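Keep in mind it's a predicted model, so treat the numbers as computed, not measured. We use all heavy atoms of the structure for the numbers below, so side chains are in, but hydrogens, waters and symmetry mates are not.
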Amino acid sequence: LLLDQGFTIGKTVKISHEEIEEDLVVKTAPDAGKTVKEGTTVDLYVSTGKKRIEVDDYTGRQLEDLRDELEEKGYKDVEVTEVYDDDAVAGEIIRQEPGADASVIPSETVLEFVVSKGVEEITLKNLVEYNERLLNEYSAETGLNIEIVKEAYSDEIAEGLVISQYPDASTKVKKGS
């Protein structure tokens, strides 16, 4: 259209724009509507669309330490799924989507994080008067390693049943301990 009106095209500059779609002209130099001589060189500023950024690698970092940074980058939302993890401290990001180095438009991107709740803790039941089969079932159910340390006589509890336990009932222990 500019060529048809006797202008020559100068340089084409790519710029990001939050509202004008990719490959459409954002502005010209000289400005549109300005009176100029035929044959004038017109520079075009063409939209690359909304600004894109590369996603950082957030794995291994504490989610709470990142809240302000994520807000400043303008992400649409952050969704968090918490899971128990034996190898990561509570609050540590284990996985993320989109992955590191993905090119995204922050205002249109929902970051999804899987965040550690730390090692799962179990509150011990009172195992007194459990037999070996019940201990094995409890062990399988909780992931705890139960060890029979010694056998002893009791006037009150039948043979083959637990007389006492350590740690005590209601104690919180790490799963797998």
Exercise. Output all residues satisfying ring pair (Phe, Tyr, Trp, His ring centres under 6.0 Å) with Tyr130, sequence neighbours left out; order by chain, then residue number.
Key: none
Quiz prompt | Non-neighbouring partners of Tyr75 that pass ring pair (Phe, Tyr, Trp, His ring centres under 6.0 Å), sequence neighbours left out | solution = none
Enter the distance from [X]:[atom1] to [Y]:[atom2] here, rounded to the nearest 0.5 Å.
X	Y	atom1	atom2	answer
Asn126	Asp168	CG	CG	9.0 Å
Glu92	Asp65	CD	CG	11.0 Å
Ile122	Leu144	CD1	CG	4.5 Å
Thr142	Glu137	OG1	CD	11.5 Å
Tyr45	Thr12	OH	OG1	10.0 Å
Leu135	Leu127	CG	CG	6.0 Å

Practice problem: Could you tell me which residues satisfy salt bridge (charged side-chain N to carboxylate O under 4.0 Å, His left out) with Asp43, sequence neighbours excluded, listed by chain and number? | Solution: none
Self-check item: salt bridge (charged side-chain N to carboxylate O under 4.0 Å, His left out) partners for Lys175, two or more places apart
Solution: Glu120
Practice problem: Could you check if a side-chain atom of Leu70 sits within less than 4.5 angstrom of a side-chain atom of Lys73, using non-hydrogen atoms only? | Solution: no
[X] and [Y]: same hydrophobic cluster, using ILVMFWY side-chain contacts below 4.5 Å?
X	Y	value
Val46	Ile9	yes
Leu134	Val173	yes
Leu63	Tyr84	no
Ile53	Val55	yes
Val119	Ile93	no

Donor-acceptor pair, distance only, cut-off 3.5 Å: does the side chain of [X] make one with the backbone of [Y]?
X	Y	result
Thr48	Ile15	yes
Asp85	Asp87	yes
Ser16	Gly49	no

Quiz item: Would you say the side-chain atoms of Tyr153 and Asp155 include a donor-acceptor pair closer than 3.5 Å?
Solution: yes
Practice problem: Answer with yes or no whether the side chains of Thr41 and Thr8 bring together a donor and an acceptor at under 3.5 Å. | Solution: yes
Practice problem: Taking side-chain hydrogen bond (donor to acceptor under 3.5 Å, both in side chains) as the test, write out the residues that go with Arg61, two or more places apart. | Solution: Glu69
Enumerate donor-acceptor pairs with a distance under 3.5 Å from any side-chain N or O in residues 23-33 to protein atoms, sequence neighbours excluded.
residue : atom : partner : partner atom : Å
Thr28   : OG1  : Pro30   : O            : 2.8
Thr28   : OG1  : Ala32   : N            : 3.2

Quiz item: side-chain hydrogen bond (donor to acceptor under 3.5 Å, both in side chains) with Glu108: which of Arg52, Lys50, Lys76?
Solution: Lys50
